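This report concerns only the one structure given below.
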Amino acid sequence: EAQVTQNPRYLITVTGKKLTVTCSQNMNHEYMSWYRQDPGLGLRQIYYSMNVEVTDKGDVPEGYKVSRKEKRNFPLILESPSPNQTSLYFCASSLRGLAGGFGELFFGEGSRLTVL
Amino acid sequence: AQTVTQSQPEMSVQEAETVTLSCTYDTSESDYYLFWYKQPPSRQMILVIRQEAYKQQNATENRFSVNFQKAAKSFSLKISDSQLGDAAMYFCAYRSAFTSGTYKYIFGTGTRLKVLA
């Protein structure tokens with residue numbers, strides 16, 4: 001089954017304790033990206049990656065890191081989480097280029113993160 | 001920079017009736033793509049409909065259709081014969097053409113749709 005898998009789905013942590021949210025897709029998509037969803041603000045892009053070893057900042061990258069060492073994986077790293085990073089996080093992937101067509105995003109199920 | 005605006009935080013519709021959700025956007029690009037995504041209480045993001053900017057014909061998917069007005073930069077979603085399962089948060093989204101070199105997706109703030117039995 002084609003899917004984007006995020007883990008963990010729920011996490012409660014404390015300020016300053018490093019954490020990683022994993023994201024994996026099995027659709028051979030070149031494009032992967034991370035979003036955070038906050039009430040009244042919609043989804044905002046954190047980082048995206050066009051392909052292996054190619055990443056770029058979205059609109060709200062502060063406090064986050066990403067890496068793309070393999071095509072299928074795109075982990076989101078919070079080196080020193082703070083309460084303002086409490087949010088619902090989504091990973092998504094899509095095809096790109098001429099083969100990408102519309103390039104619609106395929107989303108993971110979301111990860112609810114709470115930083116105390 | 002591109003922006004997407006959904007001016008209706010919440011809307012209600014009677015079951016079996018028709019409702020239209022508004023979306024406007026701002027861009028200087030001529031080639032781009034527009035999407036409507038649905039987020040039910042399960043939180044899963046589901047693609048509802050998509051539109052290529054260079055196509056004048058409005059996209060339709062069963063009970064869902066769009067009114068795409070490129071000059072006005074408007075992209076509204078019409079849901080016909082509303083069903084209880086349509087109750088969800090709806091997000092409008094913009095994506096530049098890949099040829100532009102910009103790969104950002106811009107989302108609106110969402111419209112929560114309630115369907116009344």
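The structure displayed is predicted, hence computed values, not measured ones.
Applying the side-chain hydrogen bond (donor to acceptor under 3.5 Å, both in side chains) test to pairs two or more places apart or on separate chains, those with a residue in residues 35-49 of chain B are Q37(A)-Q39(B). Within the structure, ring-ring contact (aromatic ring centres under 6.0 Å, His included) pairs that include any residue of residues 1-25 of chain B comprise Y25(B)-Y32(B) (at least two apart or interchain). Legend: salt bridge (Lys or Arg N to Asp or Glu O under 4.0 Å) pairs involving residues 67-84 of chain B, not counting sequence neighbours, sorted by first then second residue: D26(B)-K73(B).
E109(A) touches chain B through backbone and side chain together, each having a heavy atom under 4.5 Å away. Of the two parts of L88(A), only the side chain, counted from C-beta on, holds a non-hydrogen atom closer than 4.5 Å to a non-hydrogen atom of chain B. When heavy atoms are compared at a cutoff of 4.5 Å, F106(A) does not approach chain B at all.
Per-residue counts of heavy-atom pairs under 4.5 Å with chain B were compared for L41(A), D38(A), L43(A); the largest is that of L43(A).
The number of heavy-atom neighbours closer than 6.0 Å to CD1 of I46(B), taken from other residues, nucleotides and ligands shown, is above 12. Remark: Q56(B) CD is loosely packed, at most 12 non-hydrogen atoms of other residues, nucleotides or ligands lying under 6.0 Å away. Dense packing is recorded around CG of N84(A), with more than 12 heavy atoms of other residues, nucleotides or ligands lying under 6.0 Å away.
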K65(A) and E79(A): CA distance, side-chain angles, deciding distance, salt bridge (charged side-chain N to carboxylate O under 4.0 Å, His left out) verdict: CA-CA 8 Å; K65(A) 286 177 59 177; E79(A) 292 272 2; 3.0 Å; yes
Before you tell me yes or no, could you show the steps for F74(A) and Y48(A) under ring pair (Phe, Tyr, Trp, His ring centres under 6.0 Å), namely the whole-Å CA-CA distance, both residues' side-chain angles and the distance that decides it to 0.1 Å? CA-CA 9 Å; F74(A) 191 46; Y48(A) 63 90; 8.9 Å; no
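Interface residues of residues 108-117 of chain B toward chain A, defined by a heavy-atom distance below 4.5 Å and sorted by number: G108(B), T109(B).
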